[in-house]
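All values reported here derive from a predicted model rather than from experimental measurement. Per chain, numbering begins at 1; letters A, B, ... match sequence-line order.
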Amino acid sequence: MTLDVHIRAKTYPSRTPGKDHTAIAGIDFSVPEGQFTCIVGPSGCGKTTLLNIVSGLEQEVDGTVSLSGRPTDEAHLGYMFQTPRLMPWLSVLENVRLVMDGGENGEKGDEDLARRLLEEMDLGDVMDAFPSRLSGGMMRRVALARAFVVKPRLLLMDEPFISLDEPVAKRLRKLLLAIWNERPTTVLFITHDLNEALFLADRILFMSPSPGRIVHDYTVPLARPRAKLASDDIRNLRQNLLKEHPDLLTGLIGVEEEERRESDRRHLASGKETG
Amino acid sequence: MFDLKVLSGSPSGFWLRFFSLCLLLLVWGVVAAIADSSLLPGPWAVAVNMVAHLREGDIVYHTGITLARVAVAFVVSMIIGTVIGICMGHSKTMDTFFDGWLVLGLNIPALVIIILCYIWFGLTEVAVIVAVAINKIPLVVVMVREGARAVDRELLQVAQVYRLSRTKTLFKTYLPQLYPYLMAAARSGLSLIWKIVLVVELLGRSNGVGFQLHSFFQFFDIASILAYTLAFVGVILFFEMAVLRPLEVRLTRWRL
């Protein structure tokens, strides 16, 4: 289930012709099966666009995305959005069941799995409640159960714990890791919080500001299970990382290198011409 | 607290409604007694008249005919209006294209449509249904279009990402967003349709409540006119209370 992403460019047409907005400028990476990869970048750098392309929500793109050589729009995906996006007219259990055997493959959904997942999420008592009755953290847990109930081969998460207060977010991160541990799958997790990424991920891809590109590929040298978000390990890692690449979070290093190489090449070319 | 109770139809609300209706009957009775004219029969006279019509069976027959016409016209206009409304809500081109037609449809007097339908289609049931539907469809379109414009695309993306089938997407993620608008269209539609159906019947049918009212009018039989009217209003109210209201509660119970 290797995920291969090769995007040459993603542009949005703008009102003034000829000045199309470039959201993503060249992204190439592969995620091996079962790896938890975080994508970190400043807001507006095209992270969500990237995820929409990977999920198949965004079809018009110059590039290809494949999961073990097949397009992702045939695959079982789990997707957690920035907001829970539950159907308000369906109960908690119905919301989770909604996405089961939804695929064209005709696979019969496991009726019990929805209940079991909800119970693991501590939502056993509210299965028949409507989402409007739940707190923000509970709604996220339902969305998490919904993402895992399809037995996803690829799990996409778009800053799912944003706008939660820290204790709730902390609990959800632990829950995510626990459930991912039991049901391993390839994860692509977007965040702009470096600590969160260091806590969760096996590997972190850093994106530059818009138009987005990958500027650094970092493997997290921490064993699992990891203690907690505010541990010394993570603080040290963060400091080292920022010391080595001080511009990382503004995403400038890669671009500068790229530009230097570009201008070198131009110098060489012009040198040849004149010489 | 008290206001909420009254509105939610709790016992105190029920008695308030009951009392208000009794008062209306009383006023009617007193005015009829003072006028003492065959042109304004009192509630009792109307009730006696209604029982007589029920014994003869004519009120049941004609009310049934009218109800059947209302039902067919209602279903036809809801389906066509919903489809057009959804299309116009989602496509800017369609919206611009049909907007002129819509304004025209909303503003042609019902009477003109009825006369033209009778002339073009003859004095037939088809003419009845077409005339009523043309009157009603624009109103459904306007409401459903509003709903379609307000559809939450983020929820549709969920359906897309989880590869839900078309039927599931339609019935579990799309239509529920339109239910409040469809319910509003249905309720306002019902009251409009049955009023128009009576006019249509009066102008060109030989049965139905409208036809009967026409006959009673020629004989100045006011008691029968009131008896038929009250009977029919009763049926519609019953449908509203027994079907539409519970349906609405069911479809929108998730809104707390």
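- Every residue meeting the ring pair (Phe, Tyr, Trp, His ring centres under 6.0 Å) condition with B:F97, not counting sequence neighbours, appears here in chain and number order: B:W101.
- Scanning both residues, B:K168 and A:R97, for their nearest heavy atoms gives NZ-O, 4.1 Å.
- Summarising the geometry, atom CE belonging to A:M100 is positioned 12.5 Å from atom OH belonging to B:Y162; distances are rounded to the nearest 0.5 Å.
- Under the 4.5 Å side-chain criterion, counting only non-hydrogen atoms from C-beta, B:V158 is in contact with A:F81.
- In this structure, the portions of A:A147 lying under 4.5 Å from any heavy atom of chain B include both its backbone and its side chain.
- When all heavy atoms of A:L77 and B:V161 are compared, the pair lying nearest together is CB-O, 4.3 Å.
- Checked against salt bridge (charged side-chain N to carboxylate O under 4.0 Å, His left out), B:D95 has the following partners two or more places apart in sequence or in another chain: B:R145, B:R149.
- Heavy-atom proximity under 4.5 angstrom to chain A picks out B:K172, B:T173, B:P176, B:Q177 from residues 171-180 of chain B.
- Within the structure, side-chain hydrogen bond (donor to acceptor under 3.5 Å, both in side chains) pairs that include any residue of residues 186-199 of chain B comprise B:R187-B:E240, B:R187-B:E248 (at least two apart or interchain).
- Using a 4.5 Å heavy-atom threshold, the side chains of B:R253 and A:F130 count as touching.
- Only the backbone of A:L86 has a heavy atom closer than 4.5 Å to any heavy atom of chain B.
- Inter-residue side-chain proximity for A:Y79 and B:Q157 is flagged as unmet; no heavy-atom pair is nearer than 4.5 Å.
- Counting only heavy atoms from C-beta outward, the side chains of A:R85 and B:D152 never approach each other to under 4.5 Å.
- Interface remark: A:T83 contributes side-chain atoms only to the contact with chain B (heavy atom separation under 4.5 Å).
- Within 6.0 Å of CD in A:Q59 there are more than 12 heavy atoms belonging to other residues, nucleotides or ligands.
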